[in-house]
Structure formats: structure tokens, C-alpha cells
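Worksheet: one structure, shown below.
We count ligands from 1, going down the list as the structure has it; atoms in each ligand are counted the same way. One-based numbering along the sequence shown.
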Amino acid sequence: MSKEKHTRLIKEKARELGFFFCGISKADFLEEEAPRLEKWLNNQRHGKMNYMENHFDKRLDPRLLVDGAKSVVSLLLNYYPSEKQAENTYKISKYAYGQDYHHIIKDKLKEFFQYLQDEIGEVGGRVFVDSAPVMDKAWAKKSGLGWIGKNSNLINTKAGSFFFIAELILDLELQEDGPIKDFCGTCTRCIDACPTEAIVAPYVVDGSKCISYLTIELKDEILPSEFKGKMDDWMFGCDVCQDVCPWNRFSKPHNTKAFDPHENLLKMNKADWEDLTEEVYRELFKKSAVKRTKFNGVQRNVSFLKSS
Ligand code: SF4
Ligand code: SF4
């Protein structure tokens, strides 16, 4: 089978599995990203996420992650919900409403990989979703799935930015897609709206100031007092810089049943969160990514917001 046929096969299967965009790049050193990543780490923009310092070389070169890698296939899966949380409550980032995306996407990728083995024969490679040192946004950008906006999210001209990114790194030569241009223009809405002023310059997010980091990644017992009154009621993650982005007017509701929230989640008001028991927490977030913060983490975040 020719590389054109392999490429067509992959793009058709991606669509069939529910990924709404699929783009391909040659597996190569990420030259443009290397100095940017180095500077970001040197400036301590990763806060206490020390794991970001590991595997620097592997992050920049997929050939060090996968033997004989020739292509990176980037995939986007929509998570934009049809319904949102009630007004005036403690907020959860939309990506965490339903079941943990890691499991849902991993299953799809495994099926994808098996399909390639069945159709093409011996294909070597690995599948990734947020689980190894792969610079997913950089690859998606290189493959023409969007541009990286001033809020550092990947933005697609037809669908905005509420989607997960996943990759297949394969030892298969495929037809490459090219990058698209940056459509942020003179807009600064995300920078102006960020509650903690974490977007310190266009295209530079100081991870250590970002509410997503503070509420999910930071394991300290108490959140830093400098953020009191600035968290805009976000208790797990933050969507502000995406919600204000004009390109997200193109977001359409996902059709992945597993991403639908527990029926009671959207109804929870502030008092319900403040009185949350471990039992209700377990029921609401049975298979959710919110489990990453554990019950104590949710309690810590809620009491910080309550006392702000
Ligand atoms: S996620 Fe929230 S805190 Fe983080 S950069 Fe965006 S608006 Fe700022
Ligand atoms: S809000 Fe404006 S500047 Fe920010 S990412 Fe969207 S288009 Fe770019």
C-alpha cells in the first residue's frame, strides 16, 4: 500500500472513531519549540510541576520516544458540553464534567492502532494522550489543526479550542499536512480576562499563576494567599481564557456520551459544595478526572474560595 493510501486510511478511521480533526507531521526535532521550552522552564513558569523538567530531549524529538518513528498523527476530540453548571456556583473546567478523558481516548487509540495492524500489517508505534512527554499542541499546530493562541491553547478555525489532543507516533511514512497561520490578530481578550494575570505576555502563560495549576497540580495544603479573591470561583481548572476567545463561538456540543456529567453535578450550588461529603464526592466523580485532586483537594479549593 502506498503512503497516500495509508494516509487516507488513517484519516478515515480517525473520523469513524469520533476524532473531528486529524493532521500529520514528519517525526522530527521540534526546532522552533526547543528555545521556547528552555526559556519557559528557566523562568520557572512550571511552578512546582517538576516533572516538566524531565525528558527534555524526548519532549522535543519523538524519535527518542518511539524506535524508528517517522510520523506523528495528531487527533482532536471535542469535549464542549451542551449544558453548563448553574450560575453563581464554584466552577469546574468543562473538560472534567464527565468521565476521565485519559481512559476514553486511550481506548479509542488502542482500537485505532489495532486497526492499523489489521489493515497494513506490522506497524510499530505508540499512542499518547497527555501521558508521556509529547508536546501535543506543538505537533497539532505543525499538522495544521490550528494555531497556538495568545492564551497558549490550540485554536481551530472551525471549532475553537474545547477539545482534547492525542497522538499516534508511528514508524510509517505518511503524507504531511502543513501549519496554518495565527489568527489572533490584535485581539487581547484572553490576556485582559485572566483572573490571576497568568498570561504574562502574548503566548506566555506563567503556569505557576494559572488557576488550573493552583487548583489541580499544586499539592500544598493551603493555596497561596496572594490569590485570595482572584480565583473567580474556579474550584477545579479554569476556562476563562477559552470562554472569552471569539473563536469559541464555533464550538459545538460533543457527542461522546462518556463526557456527559453526572446528573447532579450541574445543579450543585455553593452551599452544596461547601457541605460536600466524601460519599457525594465519590458518586459525582466516580470516573472523573476531578479524582486527580482527591476529596481533600476539592475541600481545600472550596474552603479557599469560601474564605476569599
Ligand atoms: S486557565 Fe484561567 S488562570 Fe489559566 S491562563 Fe487561562 S484564564 Fe488565566
Ligand atoms: S482571546 Fe483573542 S488573543 Fe486570546 S487566543 Fe483567542 S483570539 Fe487569540
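Of the protein's heavy atoms, Ile211 N, 3.2 Å lies nearest to atom 3 (S) of ligand 1. The closest protein non-hydrogen atom to atom 8 (Fe) of ligand 1 is Cys194 SG, 2.3 Å. Scanning the protein for heavy atoms near atom 7 (S) of ligand 1, the closest one is Cys241 N, 3.4 Å. For atom 4 (Fe) of ligand 2, the nearest non-hydrogen atom of the protein is Cys190 SG, 2.4 Å.
Classification of Glu173 and Lys26 as a salt-bridged pair fails, no side-chain N sitting under 4.0 Å from a carboxylate O. Between Lys270 and Asp233, at least one side-chain nitrogen of the basic residue sits less than 4.0 Å from a carboxylate oxygen of the acidic one, meeting the salt-bridge criterion. Salt bridge absent: Arg189 and Asp192 never bring a charged side-chain N and a carboxylate O closer than 4.0 Å. Ionic pairing of Lys267 and Asp272 is not present here: no N-O contact between side-chain nitrogen and carboxylate oxygen is shorter than 4.0 angstrom. Under a 4.0 Å N-O distance rule, the pair Lys13/Glu16 qualifies as a salt bridge. One finds a salt bridge joining Lys141 and Glu32 here, because a Lys/Arg side-chain nitrogen approaches an Asp/Glu carboxylate oxygen to under 4.0 Å. A salt bridge is defined here as a Lys NZ or Arg NE, NH1 or NH2 lying under 4.0 Å from an Asp or Glu carboxylate O, and Lys94 with Asp243 meets this definition.
Residue contacts with ligand 1 for Thr196 involve side-chain atoms from C-beta outward but no N, CA, C or O (heavy atoms, distance under 4.0 Å). Neither the backbone nor the side chain of Asp239 comes within 4.0 Å of ligand 1, counting heavy atoms alone. In Ile155, the part holding a heavy atom less than 4.0 Å from any atom of ligand 2 is the side chain.
Among the atoms of Cys210, no N, O or S atom is found under 2.8 Å from atom 8 (Fe) of ligand 1. Not a single N, O or S atom of Cys187, from either the backbone or the side chain, sits less than 2.8 Å from atom 8 (Fe) of ligand 2.
Listed by atom number, the atoms of ligand 1 under 4.0 Å from Ile199 heavy atoms are 5 (S). Atom numbering of ligand 2 starts at 1 in the shown order; those under 4.0 Å from a heavy atom of Trp247 are 7 (S). Shown in contact with Val240 at under 4.0 Å from a heavy atom are these atoms of ligand 1, numbered in order with element: 7 (S). When each atom of ligand 2 is checked for a heavy atom of Cys245 under 4.0 Å away, the hits are 1 (S), 6 (Fe), 7 (S). Applying the 4.0 Å criterion to heavy atoms of Cys238 picks out, from ligand 1, the atoms 1 (S), 2 (Fe), 3 (S), 7 (S). Close contacts of ligand 1 with Pro195, meaning ligand atoms under 4.0 Å from a residue heavy atom, involve 7 (S).
Every heavy atom of Asn151 sits 4.0 Å or more from the atoms of ligand 1.
The CG atom of Asp100 sits 9.0 Å away from atom OH of Tyr95, with the distance rounded to the nearest 0.5 Å.
With Phe164 as the partner, the ring-ring contact (aromatic ring centres under 6.0 Å, His included) test is satisfied by one option alone out of Phe20, Tyr80, Phe259, Phe19: Phe259.
The minimum heavy-atom distance linking Met231 with Phe304 is given by the pair CG-CE2, 3.8 Å.
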